[in-house]
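Note that the structure is a prediction, hence the values are computed from the model and not measured. Keep in mind that the numbers below use all heavy atoms, side chains included, and drop hydrogens, waters and symmetry copies. Each chain gets a letter, A, B and so on, in the order its sequence line appears, and its residues count up from 1.
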Amino acid sequence: MTTERFDPATSDLRWQAAWYAAQCFAADDNSAKPRSFVLEMFPYPSGRIHIGHVRNYTMGDVLARTKRMQGFEVLHPMGWDAFGMPAENAAMEKGVHPGGWTRANIKAMTEQLKRLGFSFDWSREISTCKPDYYGQEQALFLDLYAGGLVYRKESAVNWDPVDMTVLANEQVIDGRGWRSGALVEKRKLNQWFLKITQFADELLEGLDGLENWPEKVRTMQANWIGKSQGLKATFRFPAGSPLSFRGGAGGGVSPPDATSREEDRPHPNSSPETQSSEAQREGLSGIEVFTTRPDTIFGASFVAVAAEHPIAQGVAGNSPDAQAFIDLCRSGGTTAAELETTEKLGFDTGLKAVHPLDPSITLPVYIANFVLMEYGTGAVMGVPAHDQRDFEFATKYGLEITRVVAASAADADKPFAGEAESGDGVCVNSRFLDGLRVAEAKAAVIARAESEGWGTAETQYRLRDWGVSRQRYWGTPIPFIHCEICGVVPVPKKDLPVVLPEDVDFKTPGNPLLRHPTWKHVACPQCGKPATRETDTLDTFVDSSWYFLRFASQPSDRPFDREMLKKWLPVEQYIGGIEHAILHLLYARFWTRALQHIGLIDFAEPFASLFTQGMVTHETYIKETSFSPDPTVLSEVEGPSFSSAALKEKGSPSTSSGQTGRGDDPFGVGESISIKLEQYLSPSEIRKEDGKAFEIATGEEVKIGRVIKMSKSKKNVVDPDNIIATHGADAIRWFMLSDSPPERDLPWSEAGIEGCSRFVQRLWRLFGQYDANATGEDKPLDRKRDQSVAAATGDIAALSFNKAVARIYDLANAIEKSAPSASRSVAIRTLLLLVSPMMPHLAEEAWAAFDISGGETGLIAQAAWPPVDPALLIEDEVTIAIQVLGKLRDTITVAKGLSKEELEALALASDKVQRALDGKAVKKVIVVPDRLVNVVA
RNA sequence: GCGGACGUGGCGGAACCGGUAGACGCCAGGGACUUAAAAUCCCUUGAUCUUUGAUCGUGCGGGUUCGAGUCCCGCCGUCCGCACCA
């Protein structure tokens with residue numbers, strides 16, 4: 001072997017094999033050492049590892065390796081989130097089996113991960129698509145069912161009539177299925193739900209204890225749960241004015257939809273069944289509203305209900321105008337931009353509602369387009385003075401705007417500056433509430449409502465129960481059986497796992513489980529009569545809601561070993577992308593609490609610390625081609641096929657202004673039009689020179705675009721395999737840790753990876769200078785060494801890898817500049833240990849090749865982390881900044897620990913200080929020992 | 001609209017608790033070595049000026065302080081999340 005250069009191509013594989021042979025990353029359940037569970041979010045086996053994975057797993061690996069060296073028993077596992085739609089799409093497009101496709105991807109990606117030298121305990125590998133995993137998931141699902149946390153109900157879903165499947169909201173684009181392009185229908189299907197709302201409060205309050213989670217994630221989850229407290233109040237209809245639509249000419253519109261709201265979001269701690277009757281009653285005697293501002297109740301000037309509200313439906317039964325208005329509401333868009341500009345519209349039903357605190361006041365009842373059926377009671381009291389939406393509505397329809405909250409009593413009749421005032425203040429024009437602060441008034445109104453029986457304190461959540469049914473093949477079969485006699489019957493645990501049949505076909509759209517000739521036919525476990533299996537499968541987010549438990553223990557006969565979980569859980573450090581801030585992390589928290597609730601585990605929160613890493617970004621390369629269009633092409637430019645092909649119109653006004661320009665002068669009679677086509681080029685098609693980019697094929701300069709997340713459509717992706725082949729695993733790992741703080745985006749660059757590669761070689765040369773027999777002491781280098789260890793250790797613990805990297809560069813620079821000595825050899829050995837978690841292959845190679853191990857046998861992966869001598873951390877000399885009036889004028893290097901008087905004297909003795917003082921009298925001198933002296937003149 | 005994060009050289013970014021702004025890396029420039037190139041090594045590198053030194057400089061405007069990138073008040077901008085949530 002030559003020691004001239006480090007050769008990753010051979011070394012990487014050699015040490016990966018050595019680690020495997022020594023089993024040095026297998027976590028010992030029975031170890032007496034302190035434990036650490038380091039976990040990165042497991043990947044979906046899409047086919048190839050991408051650079052984001054590399055960043056994620058490098059961070060976790062550095063942490064895991066460092067912790068091992070520091071004497072921890074580390075659990076650092078890896079697995080596969082292996083169920084999901086891409087496998088089925090591949091099946092449909094390429095005619096391969098989802099299972100075969102997934103397993104092939106797992107195999108390929110496992111090789112890629114191993115090639116990067118990650119210190120995973122592969123003996124604990126999990127694939128969620130294997131029956132030994134999803135079978136235990138079915139068992140847990142049954143346990144949750146037994147614990148009352150699983151229920152079934154009819155619910156509206158997005159149904160793609162072409163693909164014959166349910167689509168998630170994110171998969172519906174402009175009302176069409178993302179794959180088929182078919183108009184999506186709303187369908188009512190019986191679906192399985194998990195009662196996450198029962199834990200809404202717990203999940204919210206639990207966030208306070210998650211101090212080692214990013215504030216951002218905690219905030220996002222809190223917003224998602226969306227707790228708001230207020231009053232649910234009934235505004236009854238006047239006596240003697242029964243609702244005309246009840247049983248009236250309008251065809252007896254009973255309010256069947258009255259139940260829809262409650263069905264969509266069952267209230268915490270109450271079953272869906274009790275809610276519907278409650279809701280039905282509500283439609284009769286009055287209108288139930290929810291408000292977070294009961295203090296403003298005397299400012300109410302109308303009541304508004306949603307278009308889907310039973311009262312609106314009832315009115316529509318008698319009034320074509322009302323029906324037309326409801327239809328209008330439904331046609332409105334729901335995108336942010338549309339909502340921003342949509343005018344508040346209402347339809348006066350002619351109905352009146354009585355103010356609960358003063359029967360002499362009656363309020364008009366409107367159907368309004370801004371009231372949502374899905375939230376609260378689907379009806380609001382309109383208080384224009386203190387709610388912006390109500391304000392706009394009242395302004396449009398000439399309704400009264402009564403101020404009931406003001407800065408002070410003196411402002412009781414202050415006019416409004418064109419908008420509602422939603423802030424704090426004191427109540428005015430509010431009778432018994434006058435003078436109370438908002439918070440006091442809220443309590444007073446609620447108390448009154450409860451004592452008089454027209455309302456109750458109410459907490460509303462934005463969070464809905466978690467619908468887990470998917471009409472898909474490639475997922476965990478929901479372990480239930482439908483029997484005509486016995487109803488819905490759980491599969492007995494002894495019959496688990498309910499295994500997915502392999503012999504399915506994807507030639508026709510829809511769920512293959514539904515069409516399978518035999519699979520779904522079973523005997524009812526209760527009565528033994530012919531019955532059918534549930535053919536829905538579980539949302540894949542269920543799979544990832546408990547996989548961390550399975551990593552800690554994998555008994556074959558139950559989901560986990562409770563005692564083993566006590567040893568390893570919660571996960572000490574979880575690392576993954578911010579894109580999972582809500583769904584995955586909320587579901588995993590819920591699942592953990594649910595398991596604790598039903599008594600299966602002993603902790604409430606799964607992840608003690610969470611770290612969300614930034615994305616890897618890359619600049620884009622844009623080739624602009626101009627051409628003069630003929631009319632047929634121009635018309636195509638407007639079409640979706642063109643605009644979706646990464647094309648933008650820019651530059652010339654006639655093209656960028658689009659429709660308007662075209663209307664009166666379609667093709668720019670007075671000037672020639674050129675359209676700029678923008679086409680993205682991939683980094684491999686580019687050569688860079690002096691900060692400019694050129695297309696290799698043509699030599700033409702191309703525009704360097706924004707640095708953005710790597711994506712196929714922008715072609716700004718780099719393939720980890722190519723980088724490993726060229727530079728080795730350590731260089732790419734080093735790049736992932738360098739420069740950018742790990743929570744921020746990391747811009748990938750060719751120059752950057754080359755720099756990393758050079759540093760790998762530079763370290764190799766430096767390690768080659770190790771001389772076990774060198775003598776002599778180098779005190780400053782000793783100090784530098786210990787300071788570097790102390791700092792880097794802290795930086796790694798804080799996941800500030802970029803800072804640890806800077807410390808390592810710094811130490812390497814210092815060693816290179818130093819003369820041979822025993823200190824230098826110790827420093828080289830220390831440096832090697834410090835970089836070993838980051839560049840493990842180089843470290844092992846040098847450890848062995850240059851005999852740096854110094855008597856320690858075995859791998860550097862098993863060596864001890866370098867110790868720090870606290871005495872060496874203390875400098876004996878310090879550089880003192882000398883300021884005059886806060887401006888730096890001089891620095892002096894003195895022995896540490898000089899007294900204030902000595903420092904003051906030294907500062908005043910400085911020529912530079914005297915020159916800056918220019919004869920002015922010194923008023924006072926501020927001395928910060930061992931830091932600075934500031935002379936104030 | 002609500003919530004959150006951020007704003008420092010050509011670039012990525014350092015800077016403990018208010019105490020020498022720009023560590024470390026990249027890019028760039030100059031030099032050494034070489035027949036040459038690569039590789040490597042050394043030096044320079046915030047701006048300006050009258051350059052042994054001075055002035056300015058952490059998005060903008062104020063303030064507190066002996067001293068502010070850091071604290072306070074008011075703006076501007078960028079990014080992210082949520083959104084007619086009553």
Item to complete: Spell out protein contact along nucleotides 77-82 of chain B as letters: B when the base is contacted, S when just the sugar-phosphate is, - when no protein heavy atom is under 4.0 Å; keep the 5' to 3' order.
Response: ---SSS
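- A:Asn813 comes within contact range of the sugar-phosphate backbone alone, with a heavy-atom separation under 4.0 Å but no base atom that close.
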Name every donor-acceptor pair, under 3.5 Å, that has one atom in a side chain of residues 738-748 of chain A and the other anywhere in the protein, sequence neighbours excluded.
{"residue": "A:Ser738", "atom": "OG", "partner": "A:Trp734", "partner atom": "O", "Å": "2.7"}
{"residue": "A:Ser740", "atom": "OG", "partner": "A:Asp745", "partner atom": "O", "Å": "3.2"}
{"residue": "A:Asp745", "atom": "OD1", "partner": "A:Met615", "partner atom": "N", "Å": "3.0"}

Identify the pairs formed between an N or O of the protein and an N or O of nucleotides 37-42 of chain B at a distance under 3.5 Å, and give each distance.
{"residue": "B:U40", "atom": "O3'", "partner": "A:Arg765", "partner atom": "NH2", "Å": "3.4"}

What pairs of nitrogen or oxygen atoms, one from the protein and one from nucleotides 48-59 of chain B, lie under 3.5 Å apart?
{"residue": "B:U55", "atom": "OP2", "partner": "A:Arg889", "partner atom": "NH1", "Å": "3.3"}
{"residue": "B:C56", "atom": "OP2", "partner": "A:Lys887", "partner atom": "NZ", "Å": "3.1"}

Under 3.5 Å, which N/O atoms of the protein pair with N/O atoms of nucleotides 11-15 of chain B?
{"residue": "B:G12", "atom": "O2'", "partner": "A:Ser740", "partner atom": "OG", "Å": "2.7"}
{"residue": "B:G12", "atom": "N2", "partner": "A:Asp739", "partner atom": "OD1", "Å": "3.0"}
{"residue": "B:A14", "atom": "OP1", "partner": "A:Asn802", "partner atom": "ND2", "Å": "3.4"}
{"residue": "B:A15", "atom": "OP1", "partner": "A:Lys803", "partner atom": "NZ", "Å": "2.8"}

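- Residues meeting the salt bridge (charged side-chain N to carboxylate O under 4.0 Å, His left out) test with A:Glu816, sequence neighbours left out: A:Arg762.
- Taking a pair as Watson-Crick or G-U wobble with both distances under 3.5 Å, the runs of three or more consecutive pairs in RNA chain B are B:1-7 with B:76-82, B:10-12 with B:24-26, B:28-32 with B:40-44, B:46-49 with B:53-56, B:59-63 with B:71-75.
- Sequence neighbours left out, the pairs with a member in residues 383-392 of chain A that pass salt bridge (charged side-chain N to carboxylate O under 4.0 Å, His left out) are A:Lys344-A:Glu392, A:Asp387-A:Arg389.
- In this structure, the salt bridge (charged side-chain N to carboxylate O under 4.0 Å, His left out) partners of A:Lys227, at least two apart in sequence or on a different chain, are A:Asp201.
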Pull out every protein N or O sitting under 3.5 Å from an N or O of nucleotides 17-21 of chain B, one pair per line with the distance.
{"residue": "B:G19", "atom": "O2'", "partner": "A:Arg931", "partner atom": "NH1", "Å": "3.1"}
{"residue": "B:G19", "atom": "N2", "partner": "A:Gln883", "partner atom": "OE1", "Å": "3.4"}
{"residue": "B:U20", "atom": "O4", "partner": "A:Thr879", "partner atom": "O", "Å": "3.4"}

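- For residues 290-307 of chain A, the set of pairs meeting the salt bridge (charged side-chain N to carboxylate O under 4.0 Å, His left out) definition, not counting sequence neighbours, comprises A:Arg293-A:Asp295.
- Legend: residues meeting salt bridge (charged side-chain N to carboxylate O under 4.0 Å, His left out) with A:Arg807, ordered by chain and number and at least two apart, are absent.
- Under a cutoff of 6.0 Å and an axis angle of 45°, A:Arg462 and A:Tyr375 do not form a cation-pi pair.
- Using modelled atom types, one finds a donor on one side chain and an acceptor on the other under 3.5 Å when comparing A:Thr197 with A:Asp465.
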